[in-house]
Amino acid sequence: MSKKIWNTKGVESSYEIASFLAGEDIELDKSIFIYDIDATIAHIKGLASIGVIKKIELAKLIKSLKELRLKFLNKSFKLTEKYEDCHSAIEFYLIKELGELGKKVHTGRSRNDQVLVAMRLFAKKNLMDCKKSNKSIARVLLRKAKKHENNPMPGYTHLQRAMPSSWGLWFASYAESFIDNVDLINSTIEWIDSNPLGSAAGYGVSLPLDRKLTTKELGFKRTQINSLYIQNSRGKYEMQIINTLKQSMLDVRKFSWDMSLFLSQEFDLLKIDKAYLTGSSIMPNKHNPDVIEILRANYSILAGQASELENLLSLPSGYQRDLQLTKRSLISSFDISLKSLNILPKLIGSIKVNKSKSIAYIDEEMKMTDKVYALVAQGKPFRDAYNLIKNSGDLSSYAQSNSKDYSEGSPGNLALDKLEARLKKQK
Ligand code: ARG
């Protein structure tokens with residue numbers, strides 16, 4: 001633990017200080033180790049292309065790095081406390097395996113751009129995964145919306161009975177929201193899709209690094225240009241990503257809220273598969289929707305991470321060690337979001353609608369607005385029609401609107417084909 005890649009002669013850091021500085025880094029770096037190896041391979045290819053290392057040296061380094069990748073995946077190489085972080089671990093490994101040649105790997109880079117590039121690759125992969133989950137959720141919701149397109153549901157505002165609605169509308173409302181999330185994730189991926197490698201500690205290096213090559217090798221859309229801005233974008237990008245994830249999780253929270261209400265005996269409008277319910281240690285009668293409640297609660301963890309990150313970022317420009325703590329926020333945010341999103345498609349697929357209760361809850365009063373519109377259709381000004389219906393004792397003489405009269409997107413006219421087409425077109 002006390003030997004560092006940056007060690008100064010005669011100065012050994014104490015275990016206590018070293019472990020304070022590392023914090024949770026070793027644990028967190030396990031999530032980005034593979035990406036660090038990929039970026040290291042791209043980096044040395046870049047070094048070879050400008051003649052800093054020879055072709056034969058490049059081949060040896062790549063072979064060793066691929067072995068390290070494999071050893072890490074099959075757990076024969078363990079990232080432990082004896083390394084300060086994953087970046088040092090790679091260098092130590094290469095020096096141990098290849099001696100003098102291993103010492104060349106850090107030419108033209110710093111751990112500051114090394115961590116940035118690994119985190120960015122990690123973020124891109126995880127955003128893709130979140131996008132996939134949002135799409136699967138939207139797909140199931142649209143399927144459900146279609147199935148229940150004409151099944152009535154009481155529509156609520158203020159949690160008070162408002163207007164007749166349909167389960168189709170309810171399912172499709174979430175479908176469209178998750179479709180929006182996919183667009184947002186795509187634009188965030190586009191926004192962060194830039195290569196920070198080659199900026200070193202924030203001030204470049206006096207070598208004509210082949211940044212174009214590493215950008216291409218690592219599959220980035222563009223090269224991030226200004227070396228100081230690259231450092232300053234650490235945390236800024238993370239913030240955008242967490243805020244993007246928050247949108248999906250806001251939907252999860254609202255959906256869970258609805259579910260917990262509609263599953264209660266008081267509403268009794270929906271059922272889900274028993275696999276998602278738990279019993280009680282004391283009350284033999286209970287079937288509790290704990291999964292739904294944990295889904296609802298998980299948003300608060302994300303909100304906590306966003307706030308932790310935002311507070312952390314009160315920093316001057318350039319690298320500061322504080323930035324190490326941005327890793328935790330991002331890794332934990334992805335973890336909680338993916339766990340939550342991935343449980344939803346099957347859970348939603350298992351939802352059963354209580355049709356008779358849904359119809360029974362739609363009382364005559366809820367039809368008043370439709371009746372106002374039946375009068376409007378006959379040529380009465382809206383306010384007069386409204387007052388007439390509001391003050392009329394007898395509602396039965398007014399005919400209801402025909403479903404084809406509904407505006408696009410309302411219960412009588414869900415336009416599900418438009419949502420389906422949009423989902424299909426999304427990258
Ligand atoms: N673990 C460090 C981080 O995440 C790596 C970079 C260390 N750089 C430094 N100048 N001490 O920020």
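The residues of the chain are indexed from 1 along the displayed sequence. In what follows, every heavy atom counts, from backbone to side chain, and hydrogens, waters and symmetry copies are set aside. Whatever order the structure lists ligands and atoms in, that order sets their numbers, starting from 1.
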> With a 4.0 Å heavy-atom cut-off (strictly under), which part of Glu84 contacts ligand 1: side chain, backbone, both or neither?
Replying inline: neither

>> Tell me whether the count of non-hydrogen atoms from other residues, nucleotides or ligands lying under 6.0 Å of NZ in Lys60 goes above 12.
In response: no

> Nearest to atom 7 (C) of ligand 1, what protein heavy atom do you find, and at what distance?
Replying inline: Tyr319 OH, 3.5 Å

>> I'd like to check the side chain to side chain donor-acceptor pair (under 3.5 Å) partners of Glu176; sequence neighbours left out, ordered by chain and number.
In response: none

> Taking both backbone and side-chain atoms of His87, is any N or O found less than 3.5 Å from an N or O belonging to ligand 1?
Replying inline: no

>> What protein heavy atom lies closest to atom 2 (C) of ligand 1? Include the residue and the distance to one decimal.
In response: Gln324 OE1, 3.4 Å

>> Under the rule for side chain to side chain donor-acceptor pair (under 3.5 Å), what residues qualify as partners of Tyr386, not counting sequence neighbours?
In response: Lys390

> Are Tyr361 and Tyr156 close enough that their ring centres sit under 6.0 Å apart?
Replying inline: no

> With ring centroids as reference points, do Phe72 and Phe33 lie under 6.0 angstrom apart?
Replying inline: yes

> Going by the atom numbers of ligand 1, which of them fall below 4.0 Å from some non-hydrogen atom of Arg234?
Replying inline: 3 (C), 4 (O), 12 (O)

> Any chance NZ of Lys146 has more than 12 other-residue heavy atoms, nucleotides or ligands included, within less than 6.0 Å?
Replying inline: no

> In the protein, what heavy atom is nearest to atom 8 (N) of ligand 1, and what distance, to one decimal place, separates them?
Replying inline: Asn112 OD1, 2.9 Å

>> Using a 4.0 Å heavy-atom cut-off, which part of Gln114 comes near ligand 1: side chain, backbone, both, or neither?
In response: neither

> Where's the contact between Asp25 and ligand 1, heavy-atom distance under 4.0 Å: side chain, backbone, both or neither?
Replying inline: side chain

>> Within the 4.0 Å heavy-atom shell around Lys327, which atoms of ligand 1 are there?
In response: 1 (N), 4 (O)

>> Need the ligand 1 atom indices (1-based, order shown) with element for anything under 4.0 Å from a heavy-atom of Val115.
In response: 4 (O)

>> Looking at Ala201, is its backbone amide N or carbonyl O close enough to the side chain of Arg111 to form a donor-acceptor pair, meaning the two atoms are under 3.5 Å apart?
In response: no

